[in-house]
Amino acid sequence: MTKAAKANRPGLSTPTTTAGSQEAPVASNPRNGRPYRRLTDYQRGLGLPCWLCGHEIDYRIQGDEARRSSWAFTLDHAHPISLGGNLLDPANARSAHRRCNSARGNRTTARAPQKASRRW
């Protein structure tokens, strides 16, 4: 990838110095920043069960395996970010399974458990 193509990628900004030379691109995603990682580490350290389903979370799952596992820890927000919730507010942070967090989406309430349409 050329230098110009990298500079034009969405989500990256290229700050310039006073001399006009360019520095390395800086990610604009706040989830990559230290305050968000600190909040995630704090919430993980509490060792709480999933706030959506109530089952225990396997906090040993980390790294690449956590991205693939439905039962890994994710930081959920009680009031969704897309609806005006604060990304870094500890009062808005909740522990959740990746599966439960994804199923909830940006709704403000958890989905009621689905019942079978008939007895099997």
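Hydrogens, waters and symmetry mates are skipped; everything else that's a heavy atom, side chains included, is used.
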Counting distance only, does the side-chain N/O of Thr74 pair as donor-acceptor with the main-chain N or O of Ala96 below 3.5 Å?
-> yes
Quick one: salt bridge (Lys or Arg N to Asp or Glu O under 4.0 Å) partners of Arg67, sequence neighbours excluded?
-> Asp64
Of all pairs that satisfy side chain to side chain donor-acceptor pair (under 3.5 Å), the ones with a partner from residues 37-50, not counting sequence neighbours | Gln43-Ser95
Residue pairs passing the side chain to side chain donor-acceptor pair (under 3.5 Å) test where at least one lies in residues 75-87, sequence neighbours excluded | Trp51-Asp76, Asp76-Arg104, Ser82-Asn106
Mark yes when over 12 heavy atoms from residues, nucleotides or ligands other than Arg94 sit less than 6.0 Å from its CZ; otherwise mark no.
-> yes
Give, for atom [atom1] of [X] and atom [atom2] of [Y], the distance between the pair rounded to the nearest 0.5 Å.
X     : Y     : atom1 : atom2 : value
Asp89 : Leu39 : CG    : CG    : 8.5 Å
Asn92 : Leu87 : CG    : CG    : 9.0 Å
Phe73 : Leu46 : CZ    : CG    : 8.5 Å

Just grab all the salt bridge (charged side-chain N to carboxylate O under 4.0 Å, His left out) pairs involving residues 52-62, residues at least two apart or on different chains.
-> Asp58-Arg60
With sequence neighbours left out, what residues match Ser69 under side-chain contact (heavy atoms from CB on, under 4.5 Å)?
-> Ile61, Trp71, Ala72
Would a 4.5 Å heavy-atom cut-off, applied to side chains only, mark Cys53 and His97 as touching?
-> yes
Partners of Tyr36 by ring pair (Phe, Tyr, Trp, His ring centres under 6.0 Å), sequence neighbours excluded?
-> none
